[in-house]
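Shown next, in structure tokens, is the structure this report addresses.
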Amino acid sequence: MARLYPDAHCELDFTSPLELLVATILSAQCTDKRVNLVTPKLFARYPSAADYASADREELEGLIRSTGFYRSKANSILGLGRKLCDEYGGEVPGDLDDLVRLPGVGRKTANVVLGNAFGVPGLTVDTHFGRLVRRFGWTEETDPVKVEHAIGGLFPPKDWTLLSHRLIWHGRRICHSRRPACGACELARWCPSFGEGPTDADAAAALVRNGPFS
DNA sequence: ATCCCGAGGG
DNA sequence: CCCTCTGGAT
């Protein structure tokens with residue numbers, strides 16, 4: 001997979017931790033492409049946390065409407081701006097525990113920001129990530145936090161961020177939720193979930209050992 | 001478990 | 001028309 005996706009990366013457009021944080025909140029149940037359509041105007045209108053804190057709700061909703069769930073997302077961003085100003089001097093904290101306490105920010109979003117804006121290794125366990133690692137036989141867990149810990153034990157931290165992007169890219173392009181394109185998958189021969197492919201426990205380990213992921 | 005609430009694909 | 005899509009909060 002290192003060969004398949006040598007430079008997998010975050011596809012959200014951003015130039016600062018704050019921009020990435022907001023873009024990631026907007027990306028919930030929405031494609032990155034659509035988020036990137038609205039963020040240029042959004043970031044120009046609200047350059048700082050204080051600008052979000054004092055934003056007009058209706059105007060903010062209008063700017064992010066096409067990303068879906070715009071009312072709750074606007075709520076999160078408004079609260080986010082306030083909390084960043086009140087408790088963090090207007091700066092985005094570079095710490096998982098602090099990030100997760102911000103409105104609209106769960107563990108997945110926090111790890112995206114840590115990994116891509118702060119250079120802190122993090123596994124971003126979203127629906128793709130979880131589905132793939134289960135199909136690969138790397139874990140049976142379904143709880144995202146348990147998945148994160150299980151997979152974290154298989155790879156060194158320095159690989160976590162890139163691994164996350166590679167899994168997500170592969171999930172989007174090939175290993176779909178409904179009809180995975182196993183015929184086009186170069187990993188099928190190692191995949192325990194592939195039709196007549198290897199189903200023994202070694203197959204999962206082979207996927208890790210063969211290093212296509214790290 | 002359910003709500004939030006938009007767009008595109010099959 | 002139904003389903004899905006890089007969630008999070010209640």
At under 4.0 Å between heavy atoms, what does [X] touch on the DNA or RNA strands: base, sugar-phosphate, or nothing?
{"X": "A/Val105", "answer": "sugar-phosphate"}
{"X": "A/Leu102", "answer": "sugar-phosphate"}
{"X": "A/Thr67", "answer": "nothing"}
{"X": "A/Thr31", "answer": "nothing"}

Verify the contact: side-chain N or O of [X] to OP1 or OP2 of [N], cut-off strictly under 4.0 Å; return yes or no.
{"X": "A/Arg34", "N": "B/dG8", "result": "yes"}
{"X": "A/Tyr70", "N": "B/dG6", "result": "yes"}
{"X": "A/Thr109", "N": "C/dG8", "result": "yes"}
{"X": "A/Gln29", "N": "C/dG7", "result": "yes"}

- Answer yes or no as to whether B/dC4 has its base stacked against A/Phe69, where stacking requires a ring-centre separation under 5.5 angstrom and planes under 30 degrees apart.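 By the stated criterion, A/Phe69 and B/dC4 stack.
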
May I have the distance from [X] (atom [atom1]) to [N] (atom [atom2]), rounded to whole angstrom?
{"X": "A/Ile77", "N": "C/dG7", "atom1": "CD1", "atom2": "P", "answer": "16 Å"}
{"X": "A/Lys83", "N": "C/dA9", "atom1": "NZ", "atom2": "C1'", "answer": "14 Å"}
{"X": "A/His176", "N": "B/dG10", "atom1": "NE2", "atom2": "P", "answer": "10 Å"}
{"X": "A/Ile25", "N": "C/dG8", "atom1": "CD1", "atom2": "C1'", "answer": "10 Å"}
{"X": "A/Leu37", "N": "B/dA7", "atom1": "CG", "atom2": "P", "answer": "12 Å"}
{"X": "A/Asn75", "N": "C/dG8", "atom1": "CG", "atom2": "P", "answer": "16 Å"}
{"X": "A/Leu99", "N": "C/dG7", "atom1": "CG", "atom2": "P", "answer": "18 Å"}
{"X": "A/Arg71", "N": "C/dG7", "atom1": "CZ", "atom2": "P", "answer": "21 Å"}

- Item | Closest non-hydrogen atom pair between A/His165 and A/Cys10, with its separation |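 Reported closest heavy-atom pair: NE2-N, 3.4 Å.
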
- Do you know which two heavy atoms are closest between A/Cys30 and A/Lys73, and how far apart they sit?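 Scanning both residues, the minimum pair turns out to be CB-NZ, 4.2 Å.
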
- Task: Classify the side-chain pair A/His128/A/Arg131 by whether it contains a donor and acceptor separated by less than 3.5 Å.
- Result: yes

- Toward the 5' end of DNA chain C, by each residue's nearest nucleotide, A/Ser76 or A/Ile168: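 Its nucleotide being nearer the 5' end, the pick is A/Ile168.
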
- Distance, nearest 0.5 Å, that separates OG of A/Ser76 from OH of A/Tyr52: 12.5 Å

- Roughly how far, to the nearest 0.5 Å, is CG of A/Leu12 from CG of A/Asp32?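 Reported to 0.5 Å precision, the distance equals 4.0 Å.
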
Kindly point out which of [options] is positioned nearest to the side chain of [X]?
{"X": "A/Arg179", "options": "B/dC4, C/dG7, B/dG10", "result": "B/dG10"}
{"X": "A/His128", "options": "B/dC4, C/dG7, C/dC5", "result": "C/dC5"}
{"X": "A/Ser177", "options": "B/dG6, B/dC5, C/dC5", "result": "C/dC5"}

- Task: Inspect the surroundings of CZ in A/Arg134 and state if more than 12 heavy atoms from other residues, nucleotides or ligands are less than 6.0 Å away.
- Result: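 Yes, CZ of A/Arg134 has more than 12 neighbouring heavy atoms, counting only those of other groups under 6.0 Å.
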
